[in-house]
Chemist: 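Structure provided below as structure tokens; questions to follow.
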Amino acid sequence: GVSAMCPATAEADMYNVTSEIFRRHGCHMGMTQAYKFAGIHVEVGPQLSISPHFALARADLERVLPVPSKVTISTRSALVIEGDGEVVIRELDLDGALTITTSRGARVVIDGLRVRNRSWELKPLDNKEMEVAPEFLRIRGYKVVKHETLELVFAESGEHTVAGDRTVNPKRAAPVAEAASAPAAT
């Protein structure tokens with residue numbers, strides 16, 4: 001049949017379409033997982049929210065994901081890329097939540113980054129919560145609980161390379177110092 005048309009399914013569709021674009025490009029993407037929000041069945045895969053500055057066309061994907069076979073994003077992961085800078089993902093193993101924020105003039109290269117954290121949870125609202133929740137949550141039927149997030153913020157222009165293991169990073173902590181100031185790979 002036809003899926004329900006509501007904010008929860010619309011949001012899931014956006015995540016799933018972006019995930020499918022990454023998959024067709026050659027990235028290893030987690031499959032969708034079944035949820036039930038306010039009585040509506042929703043299939044959600046990795047939560048990807050990608051700035052238009054990242055990639056608008058297939059040719060852009062070739063530039064920003066040059067080795068897609070080295071990009072793995074699990075089902076329970078969230079990846080947010082925002083800002084006016086450039087992000088290139090050469091190698092990423094993501095099983096958790098990662099946000100990358102760039103300013104104009106910043107070029108960030110993710111090259112060998114492995115992220116492991118508790119990620120974000122899509123938590124259905126119970127009846128009591130539905131009665132008191134703000135409208136934007138009631139129409140979705142769920143809230144996002146951000147347990148842990150690796151936040152990488154690049155406010156300085158220039159090239160920044162991020163690599164290595166990041167296993168636990170509280171959701172409001174600044175990125176590890178060397179991640180923001182590491183010299184460019186040669």
Side-chain angles (χ1 to χ4, degrees), residues 11-12 14-19 21-22 25 27-30 33 35 44-56 60-61 63-68 70-123 134 136-137 140 142-185:
E11 192 169 348
M14 291 304 298
Y15 295 144
N16 296 340
V17 163
T18 305
S19 183
I21 289 168
F22 276 46
H25 184 60
C27 299
H28 304 281
M29 305 300 295
Q33 178 178 341
Y35 292 89
V44 183
Q47 298 168 60
L48 304 179
S49 179
I50 308 299
S51 165
H53 288 279
F54 183 69
L56 288 173
D60 296 331
L61 285 176
R63 180 180 46 78
V64 298
L65 294 167
V67 189
K70 291 186 176 185
V71 176
T72 301
I73 301 174
S74 71
T75 297
R76 65 182 206 90
S77 291
L79 173 63
V80 177
I81 299 174
E82 58 190 359
D84 295 327
E86 179 182 0
V87 176
V88 175
I89 301 175
R90 289 188 184 143
E91 185 175 351
L92 172 65
D93 182 0
L94 178 60
D95 186 30
L98 170 63
T99 64
I100 304 168
T101 305
T102 60
S103 63
R104 187 175 309 278
R107 182 174 193 269
V108 177
V109 178
I110 305 297
D111 195 4
L113 179 62
R114 181 177 181 262
V115 177
R116 298 287 182 270
N117 61 41
R118 290 181 53 216
S119 196
W120 300 354
E121 175 187 2
L122 303 181
K123 187 173 181 189
F136 77 93
L137 290 178
R140 285 162 107 188
Y142 69 93
K143 60 186 173 185
V144 178
V145 179
K146 296 181 179 182
H147 296 292
E148 291 179 332
T149 303
L150 174 61
E151 294 181 343
L152 302 176
V153 179
F154 300 91
E156 304 282 325
S157 61
E159 183 155 330
H160 311 272
T161 298
V162 183
D165 285 353
R166 303 289 192 269
T167 54
V168 177
N169 187 320
K171 63 181 173 182
R172 291 292 169 213
V176 176
E178 72 270 11
S181 61

Chemist: Would you say T102's side chain and G85's backbone share a donor-acceptor pair under 3.5 angstrom?
Modeler: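 Side chain of T102 to backbone of G85, a donor-acceptor pair under 3.5 Å: yes, one is there.
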Chemist: Measuring only between side-chain heavy atoms, which start at C-beta, is M29 closer than 4.5 Å to L48?
Modeler: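 The answer is yes; the side chains approach within 4.5 Å.
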Chemist: Minimum heavy-atom separation for V88 and P66, please, with both atom names.
Modeler: CG1-CD, 3.9 Å
Chemist: Sequence neighbours left out, what passes ring pair (Phe, Tyr, Trp, His ring centres under 6.0 Å) with Y142? Give chain and number order.
Modeler: F37
Chemist: Please check this pair: side chain of T149 against backbone of E151, looking for a donor-acceptor N/O pair closer than 3.5 Å.
Modeler: no
Chemist: Test of understanding: with side chain to side chain donor-acceptor pair (under 3.5 Å), list the residues that count as partners of S119, not counting sequence neighbours.
Modeler: none
Chemist: Tell me the closest heavy-atom pair linking N117 and G96, and the distance in Å.
Modeler: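 Shortest heavy-atom separation between N117 and G96 comes out as OD1-CA, 3.1 Å.
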Chemist: Once rounded to the nearest 0.5 Å, what's the spacing between atom CD of E159 and atom CZ of F154?
Modeler: 11.0 Å
Chemist: Measure across H25 and L65 and return the closest heavy-atom pair with its distance rounded to 0.1 Å.
Modeler: NE2-O, 3.0 Å
Chemist: Looking at Q47 and W120, what are the two nearest heavy atoms and their distance?
Modeler: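 For Q47 and W120, the tightest heavy-atom pair comes out as OE1-CE3, 3.9 Å.
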Chemist: Kindly write out the residues that satisfy side chain to side chain contact (heavy atoms under 4.5 Å, CB included) with I21, not counting sequence neighbours, or none if the list is empty.
Modeler: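 I21 satisfies side chain to side chain contact (heavy atoms under 4.5 Å, CB included) with V17, L61 only.
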Chemist: As an exercise, state the distance from CD1 of I89 to CD1 of I100, rounded to the nearest 0.5 Å.
Modeler: 5.0 Å
Chemist: Where do S19 and G30 come nearest, in terms of heavy atoms and distance?
Modeler: OG-O, 4.3 Å
Chemist: Suppose we screen for salt bridge (charged side-chain N to carboxylate O under 4.0 Å, His left out). Which residues come up paired with K143, at least two apart in sequence or across chains?
Modeler: E129
Chemist: Is I50 close to L79 at the side-chain level, that is, under 4.5 Å between some pair of heavy atoms?
Modeler: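 A side-chain contact exists here, since the closest heavy-atom pair is under 4.5 Å.
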Chemist: Just how far is it from atom CD of E86 to atom CZ of F54, taken to the nearest 0.5 Å?
Modeler: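 Rounded to the nearest 0.5 Å, the CD-CZ separation comes to 9.5 Å.
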Chemist: Let me confirm one number: the CD1-CD1 distance from I110 to I81, rounded to the nearest 0.5 Å.
Modeler: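 Those atoms lie 8.0 Å apart.
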Chemist: Go through the structure and list residues passing side chain to side chain donor-acceptor pair (under 3.5 Å) with Y15, not counting sequence neighbours.
Modeler: E11
Chemist: Give a yes or no on whether the backbone of A163 and the side-chain of D111 come within a donor-acceptor separation of less than 3.5 Å.
Modeler: no
Chemist: Please identify each residue that fulfils side chain to side chain contact (heavy atoms under 4.5 Å, CB included) with E156, with sequence neighbours left out.
Modeler: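 So E156 forms a side chain to side chain contact (heavy atoms under 4.5 Å, CB included) with H160.
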Chemist: Are V64 and V87 close enough that some pair of their side-chain heavy atoms sits under 4.5 Å apart?
Modeler: no
Chemist: Please tell me whether T101 and E82 have a donor and an acceptor in their side chains that are separated by less than 3.5 angstrom.
Modeler: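 Short answer, yes.
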Chemist: Quick one: do D93 and L113 satisfy side chain to side chain contact (heavy atoms under 4.5 Å, CB included)? Show the steps, please.
Modeler: CA-CA 6 Å; D93 182 0; L113 179 62; over 6 Å; no
Chemist: If you take all heavy atoms of S77 and D95, which pair is closest and at what distance?
Modeler: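 So the two residues come closest at OG-CA, 3.3 Å.
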